[in-house]
Student: 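Quick one: the structure is below, and I'll ask about it shortly.
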Amino acid sequence: MARKKRWLAVAGVALAATATVTVTAPSAEPGATTIRYTEFGIPHITASSFEGLGEGYGYAAAKDNICTLASTYLMVNAERSRYLGPDGYANTGTSGGTTNLNSDLYFQRIKDNGTVERLADLPAPHGPEPEVKETVRGYVQGYNRYLAETGAEGITDPACHGAAWVRPITELDVYRHVHSEVIMGAAQYLLDGQVTAAPAVGSAQAPAGDTGEKIVEAISAGHRHGVGSNALAVGSQGVAGGGSMLLGNPHFPWQGKNRLWQSQLTIPGRFNVSGASLLGLPVVNIGHNEDVAWSHTVAAVAPFGLFDVQVDPLNPTKYLVDGRWEDMTAQQVSVDVRNPDGTMGKVSRTLWATRYGPITTSLAGVPLPWVVSAHAVRDVNMDNLRAVNTWFRLDQARDTDDVVRILESTQGSPFFNTVASDRKGNALYAGIQAAPNITDEHAKSCLTLTGQATFYGLRLPGTPPVSILDGKRSGCDWPADPNAVAPGLLDPKKQPRLTRADFAGNANDSPWLANPAEPLSYPRVMGDMGTTRSTRTQELILTAQKRLDGTDGLPGKGFTPESMRSLLFADRSRTAELALADTVKMCQGFLGGLAPYSGGLINVSQACPVLAAWDGTYRLDSRGAWLFEKFWANLPVPDLGVGPVETAPWKVGFDPADPVHTPNTLDTGRADVWLAFGNAVHALRKAGIPLDAPISAVQTVTRDGERIPVHGAPGSLGVLNVITPGVDAAGAPEVTWGSSFIQQVSFTGDEPPQVSTLMTYSQSADPTSPHHADQTKLFSAGHWVTGRFTEEQIAASPVLHTTTLD
């Protein structure tokens, strides 16, 4: 407490000294909310109540991103087809979407069922805590206030200027948005199958015998090419001079409803937190307060499960449970649709459900025909509005023990791991979240044959085990555990956690190697154990170990803020470290310089010196990196069947006794590896890209007509600074997802937290905003934003300006 009083005293002097010059102190009037903007448009919101905080957040968020927010409310209210037509694209998941029509049918069903209304009316812990309700109430006022001031015609963002679908919102809209974020871990795989489910007709066949393997392959592909995150917490033994540090680096979409947005929320003497949230969620999801810093990573846990129910062949809407036939529930769902000629129509569809949940006829695009059986979905997060309480309490955590207590008591984290550090010098990994209550014993008793393949089958690193249970037995439903917060959830005490004084981290693999010195064990539903780690996980662990040992070529031992920041922007490729030398030898060994490619033979001799000169990094000036990336993308992936796993493209397979250094040694004697190399060279030449093109020439985003180069690479290359390149709607280069809100937080003694942050795609999606590309350019240059947390730091901003909401 003495420390905090000292900070406040210093802040008071600073504000007094500057108030007569250019700095406006927060208003002391009761009920007033101030939004102080520092560099790069970062708002520091101060109020005397949570309602005031919410108002400031809503106003500032709308100012930066009104069109993105309005589009989100359009989605969760099932009105995209009404305004935008049924065939447009709806961004419903973390790394995927669907048509407007399918999205609307899915969310209309949730509306018709009153799901969010019911949850919002429940008392805590199942419903929002009173302070959360106050914050949401204020958020609505702030959002609507901004919209009233501008009107739809006054919006400068062309994405929704003058649009009829930009409207005032209600508190229910906000809760629907929160709920949509919580369930997207299941929706992205199962939404389409639920809204198109119908009994098969004619000569349709039952699911194929290899359906389980296809599901594993599809989920693995989604995991391999989808969103992710890195987070590393370092404790007192790993920090030069003591203390603790956190590096958080979520890899989230650069466009749409899952953009992150940075703010600081303060009620003097009561509440003070800084960080980022999914845009429109008026709490900080990842960030820091005075004593704790935390980030999330996408977990290797499937937040859903399927139930295989036997159906009556003569009446496929009847299904068998405990020897008795039950009727499925038929629900007519209707949405308004704008026709191509501008007239309005309506689409109605019958959606089916069982006692376990809705029927689906596909999972991650794999067909699950409704023939002799049907598959019902149970989503562990469908009744989870607790997540907003989880984040609200994390905003106030005092140490890592407190973080664990919050995660256990709310079980609201939807599909995220939590990595945290505290002022006491602790580093925490916690895989405590809303997970299905499928113990190993329950799985053994209830998995179907297909379910055994999806739950136990060998897979690529970090792929979540998907359960398919026998729905003919009611006892195979997820049982209620007395220690869990809600029915069907796994006991949080059975979920993995690890507190260390050296380090703990996660890069989207299962919890097993949060720290190799202390491997974790847990129920299979939480992920695999003793299996291959991704090269990105290897890079995270090796980088931490080398810095602690002082063997990474930098001075001294242990992390400093500078060395932790450089860890990320070094853009080293662990995959290249393992395979580059062998790739060069293979290239040099092709007879006559000719390698196979899909069209015959191609001369690759010019590629050899390019790769030989490359240092294995993905910095802007890296030459040869793009060629290696295309080569690696063409390589075969391991077989995903239930037999012995193929170790392609490695000669030396995985060794659980040496999990950080195996598998290794590129198998350059394989014809498919040769083909991958030849195809990569051919692809670059066909695209007119020189083999030695630097990353800056090929990996860019365009802002205001200016191409901004972006360093980093896909996670499969073992680069921590993940960047997934793609193209925008016009075909121009764009980043689809990758490093988003990056934070590096240090705690030392009684000093305020030392913070550096970066919002890679900048605060605003509005191309007319001055904060649409400013941090993107900073990211391109490898620079950071110095965090401003204390009153003294905020007052010292050379660009400080204030908006007051009376």
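Just so you know, residue 1 is the first one in the sequence shown, and it goes up from there. Quick caveat: nothing in here was measured; it's all calculated off a predicted structure.
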Student: Calculate, to the nearest 0.5 Å, the distance between atoms OG1 and CZ belonging to Thr354 and Arg378 respectively.
Tutor: 10.5 Å
Student: Output yes when a side-chain donor or acceptor of His179 lies under 3.5 Å from a complementary backbone atom of Met382, and no otherwise.
Tutor: yes
Student: Are the side chain of Ser413 and the backbone of Phe416 linked by a donor-acceptor contact shorter than 3.5 Å?
Tutor: yes
Student: Test Arg176 against every option in Glu181, Glu79, Glu117 by the salt bridge (Lys or Arg N to Asp or Glu O under 4.0 Å) rule and name the one that passes.
Tutor: Glu117
Student: Look at the aromatic rings of Tyr319 and Tyr356 and report parallel, tilted or perpendicular, splitting at 30° and 60°.
Tutor: tilted
Student: For His177 and Thr72, does a side-chain donor sit closer than 3.5 Å to a side-chain acceptor?
Tutor: no
Student: Please report, to 0.1 Å, the donor-acceptor pairs under 3.5 Å made by any side chain of residues 481-488, with sequence neighbours excluded.
Tutor:
from	atom 1	to	atom 2	distance (Å)
Asp481	OD1	Asn483	N	2.8
Asn483	ND2	Asp491	OD2	3.2

Student: Among Thr92, Asn102, Asp104, Asn100, find the residue that satisfies the side chain to side chain donor-acceptor pair (under 3.5 Å) test when tested with Arg80.
Tutor: Asn100
Student: Taking Ile169's backbone N and O only, do any of them form a donor-acceptor pair with Asp173's side chain (distance below 3.5 Å, no angle check)?
Tutor: no
Student: Quick one: does any side-chain atom of Ser740 pair with a main-chain N or O of Pro250 as donor and acceptor, under 3.5 Å?
Tutor: yes
Student: Given Asn417 and Tyr429, is the side chain to side chain donor-acceptor pair (under 3.5 Å) satisfied, shown in steps?
Tutor: CA-CA 7 Å; Asn417 304 294; Tyr429 163 81; 2.7 Å; yes
Student: Side-chain contact test, heavy atoms from C-beta onward, threshold under 4.5 Å: evaluate it for Trp165 versus Leu84 and give yes or no.
Tutor: yes
Student: Does the side chain of Thr724 come under 3.5 Å of the side chain of Trp737 through a donor N or O and an acceptor N or O?
Tutor: yes
Student: Return the set of residues passing salt bridge (charged side-chain N to carboxylate O under 4.0 Å, His left out) with Asp395 (not counting sequence neighbours), or none when no residue passes.
Tutor: none
Student: Under the side chain to side chain donor-acceptor pair (under 3.5 Å) rule, what do Asp470 and Thr448 come out as? Steps first, then yes or no, please.
Tutor: CA-CA 6 Å; Asp470 182 3; Thr448 66; over 6 Å; no
Student: Would Thr390 and Thr410 count as a side chain to side chain donor-acceptor pair (under 3.5 Å) here? Give the steps.
Tutor: CA-CA 6 Å; Thr390 301; Thr410 61; 2.6 Å; yes
Student: Is it the case that the side chains of Thr99 and Asp87 hold a donor-acceptor pair, with the cut-off being a distance below 3.5 Å and no angle test?
Tutor: no
Student: Is there side-chain contact between Ile359 and Met328, with at least one heavy-atom pair below 4.5 Å?
Tutor: yes
Student: Any side-chain donor paired with an acceptor under 3.5 Å for Asp327 and Thr329?
Tutor: no
Student: Mind checking what makes side chain to side chain contact (heavy atoms under 4.5 Å, CB included) contact with Asp121, not counting sequence neighbours?
Tutor: none
Student: Does a side-chain heavy-atom distance below 4.5 Å link Val298 with Phe252?
Tutor: yes
Student: For Ser534 and Thr537, which I'm curious about, is there any donor-acceptor pair between the side chains at under 3.5 Å?
Tutor: yes
Student: Under the 3.5 angstrom rule, does the side chain of Thr135 hit a backbone N or O of Glu131 as a donor-acceptor pair?
Tutor: yes
Student: Other residues, nucleotides and ligands only: do more than 12 of their heavy atoms fall within 6.0 Å of NZ on Lys214?
Tutor: no
Student: Atom CD of Glu326 and atom OG of Ser474: how far apart are they, to the nearest 0.5 Å?
Tutor: 8.5 Å
Student: Examine the side chains of Thr115 and Asn113 and answer whether a donor and an acceptor come within less than 3.5 Å of each other.
Tutor: no
Student: Treating Ser445 as the side-chain partner and His442 as the backbone partner, does any N or O pair qualify as donor plus acceptor under 3.5 Å?
Tutor: no
Student: Strictly distance-based, threshold 3.5 Å: is any side-chain N or O of Asn285 a donor or acceptor partner for the main-chain N or O of Leu278?
Tutor: yes
Student: Please evaluate residues Glu408 and Arg497 with respect to the criterion salt bridge (charged side-chain N to carboxylate O under 4.0 Å, His left out), reporting the C-alpha separation (whole Å), side-chain torsions for both, the decisive distance (0.1 Å), and the verdict.
Tutor: CA-CA 11 Å; Glu408 288 184 339; Arg497 77 286 311 274; 2.8 Å; yes
Student: If only side-chain N and O atoms count, and only distance matters, is there a donor-acceptor pair under 3.5 Å linking Asn381 with Asn384?
Tutor: yes
Student: What distance separates Arg349 CZ from Leu105 CG, expressed to the nearest 0.5 Å?
Tutor: 5.0 Å
Student: Between atom NZ of Lys257 and atom OH of Tyr73, what is the distance when rounded to the nearest 0.5 Å?
Tutor: 12.0 Å
Student: Give the C-alpha distance, both sets of side-chain angles, the deciding distance and a yes or no for side chain to side chain donor-acceptor pair (under 3.5 Å) between Gln332 and Thr350.
Tutor: CA-CA 5 Å; Gln332 193 80 2; Thr350 301; 2.8 Å; yes
Student: A side-chain contact here means heavy atoms from C-beta on lying under 4.5 Å apart; do Ser467 and Phe304 qualify?
Tutor: no
Student: Can a side-chain donor-acceptor contact be found between Ser334 and Ser348 if the only test is distance below 3.5 angstrom?
Tutor: yes
